J.: 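One structure, as structure tokens, below. Some questions next.
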Amino acid sequence: MRAALISLVGQPRFAGTGALLTVAGKTLAERQLEFARAAGCDKALLLGDGTSAEAIAIHHLAERAGLSVQTVSVARDLLGSVRSADQLLVLAPGLLPDTSAACEVLSGAPAILVMPAAQAVPAGFERIDRERAWAGALVMSGGLVERLSELAADIDAAPALLRIALQAGTTERPLPETPLGDGSWAMLGAPDADAAERAWLTRHLVIARDAVPSERIAAAAVRQFHRHALDGRLNGSTLAAGATFLLVIAAGLALAGFAAAG
């Protein structure tokens, strides 16, 4: 079995509201859950307050994705949650894992994703040494989790598990530099949300050269007004009213003899 540790503790939040940071309508924890599923995980370990609305929402999302779910309050609770024969995928809080390249690297034996420190550390990733930085994801043997019992009770889970994996000699594998450059693999904070969303839309809203005008208009509208939709200012009723208004104008233009414009 392969389990994924997804932490709600330490995830970046929007200033003022305290809500978890979102990228294109989903929290980073939800994005990490999607990555874990793509990486072959069949169990999600949620670190944090299991009674919170955020934890309940991601719990249901994980179950709908076909994963079994267990909530743990602190890192020490991982003891006994992962068997020695299992593998544990560890994802750092704040990581946006939006690339399949990392799934390919982490699909097999235990491995620690690393990047050149010179590029990664200024981008918010944790330094390992002078040359290397942790890319925010690793797969470790389940048996190594037991070493948490040797550490303090109030440790941060992800950094502690990284040190345990490093000390055990877990293989290090480089993450291609392209994801770091295009924003598809990023360590985010609240000030990065808007830029991360724009980069996400650029990657995922790819319009073909032969796209019809309506496709181009729809893509432009999403890029311009996505934030209004995600924060509730642009809801279904508003969209329906706007669509009706445009249909009335189109019919009027057609009746007036301007069918092409309509």
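Treat the numbers as computed from the prediction; the structure is a model and nothing was measured. The figures here come from the full heavy-atom set of this structure, side chains too, leaving out hydrogens, waters and symmetry mates.
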J.: Please determine whether residues L106 and M187 belong to a single hydrophobic cluster, defined as Ile, Leu, Val, Met, Phe, Trp and Tyr linked transitively by side-chain heavy-atom distances below 4.5 Å.
T.: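 Yes; tracing contacts between hydrophobic side chains, which count when under 4.5 Å, links both residues.
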
J.: Assess whether atom CG of D156 is packed by more than 12 heavy atoms of other residues, nucleotides or ligands within 6.0 Å.
T.: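 Open.
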
J.: Is there a path of hydrophobic side-chain contacts, each under 4.5 Å between heavy atoms of I/L/V/M/F/W/Y residues, joining L91 to M115?
T.: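 As far as the 4.5 Å side-chain criterion goes, L91 and M115 are connected within one cluster.
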
J.: With a 4.5 Å heavy-atom cut-off, do L21 and Q11 have their side chains touching?
T.: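 SC-SC contact between L21 and Q11 ruled out.
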
J.: So E104 and R173, salt bridge (charged side-chain N to carboxylate O under 4.0 Å, His left out) or not? Walk me through it.
T.: CA-CA 11 Å; E104 297 172 3; R173 298 189 182 279; over 6 Å; no

J.: Walk me through it: do L88 and V139 pass the test side chain to side chain contact (heavy atoms under 4.5 Å, CB included)?
T.: CA-CA 5 Å; L88 178 64; V139 173; over 6 Å; no

J.: Could you state whether L78 and I58 fall into the same hydrophobic cluster, counting links through intermediate Ile, Leu, Val, Met, Phe, Trp or Tyr residues with side-chain heavy atoms under 4.5 angstrom apart?
T.: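 Cluster IDs for L78 and I58 differ.
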
J.: Rounded to the nearest 0.5 Å, how far does CG of L166 lie from CH2 of W134?
T.: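 Spacing of CH2 (W134) from CG (L166) equals 9.5 Å.
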
J.: As a quick check of understanding, evaluate side chain to side chain contact (heavy atoms under 4.5 Å, CB included) for S73 and D49, giving each step before the final call.
T.: CA-CA 6 Å; S73 299; D49 179 8; over 6 Å; no

J.: Nearest 0.5 Å please: distance from the CD atom of Q32 over to the CG atom of L96.
T.: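 Going from the CD atom of Q32 to the CG atom of L96 covers 8.5 Å.
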
J.: Is it true that I155 and I164 fall in one hydrophobic cluster, defined by side-chain heavy atoms closer than 4.5 Å?
T.: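 Yes; tracing contacts between hydrophobic side chains, which count when under 4.5 Å, links both residues.
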
J.: Can you tell if the side chain of D86 reaches within under 4.5 Å of the side chain of V145, non-hydrogen atoms only?
T.: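 No - every pair of side-chain heavy atoms lies 4.5 Å or more apart.
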
J.: So how far is it from R127 CZ to E131 CD, rounded to the nearest 0.5 Å?
T.: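 Taking CZ in R127 and CD in E131, the distance rounds to 9.0 Å.
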
J.: Would you kindly confirm whether I112 and V82 end up in one hydrophobic cluster when ILVMFWY residues are joined by side chain heavy atoms under 4.5 Å apart?
T.: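 Both belong to a single hydrophobic cluster.
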
J.: So, taking the atom named CD in E54 and the one named OG1 in T51, what distance separates them when rounded to the nearest 0.5 Å?
T.: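 That separation rounds to 10.5 Å.
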
J.: If you apply the rule side chain to side chain contact (heavy atoms under 4.5 Å, CB included), what do you find for R31 with D98, and how did you get there?
T.: CA-CA 8 Å; R31 296 287 178 196; D98 189 33; 5.9 Å; no

J.: Could you grab the distance from atom CZ of R64 to atom CG of L33, nearest 0.5 Å is fine?
T.: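 Separation between the atoms: 10.0 Å.
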
J.: Quick one: are L20 and R13 in side-chain contact, heavy atoms under 4.5 Å?
T.: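 Yes, at least one pair of side-chain atoms sits under 4.5 Å.
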
J.: Once rounded to the nearest 0.5 Å, what's the spacing between atom OG1 of T71 and atom NE2 of H59?
T.: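 Answer rounded to 0.5 Å: 5.0 Å.
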
J.: Kindly determine whether L47 and I6 satisfy side chain to side chain contact (heavy atoms under 4.5 Å, CB included), including the steps that lead there.
T.: CA-CA 6 Å; L47 178 61; I6 299 174; over 6 Å; no

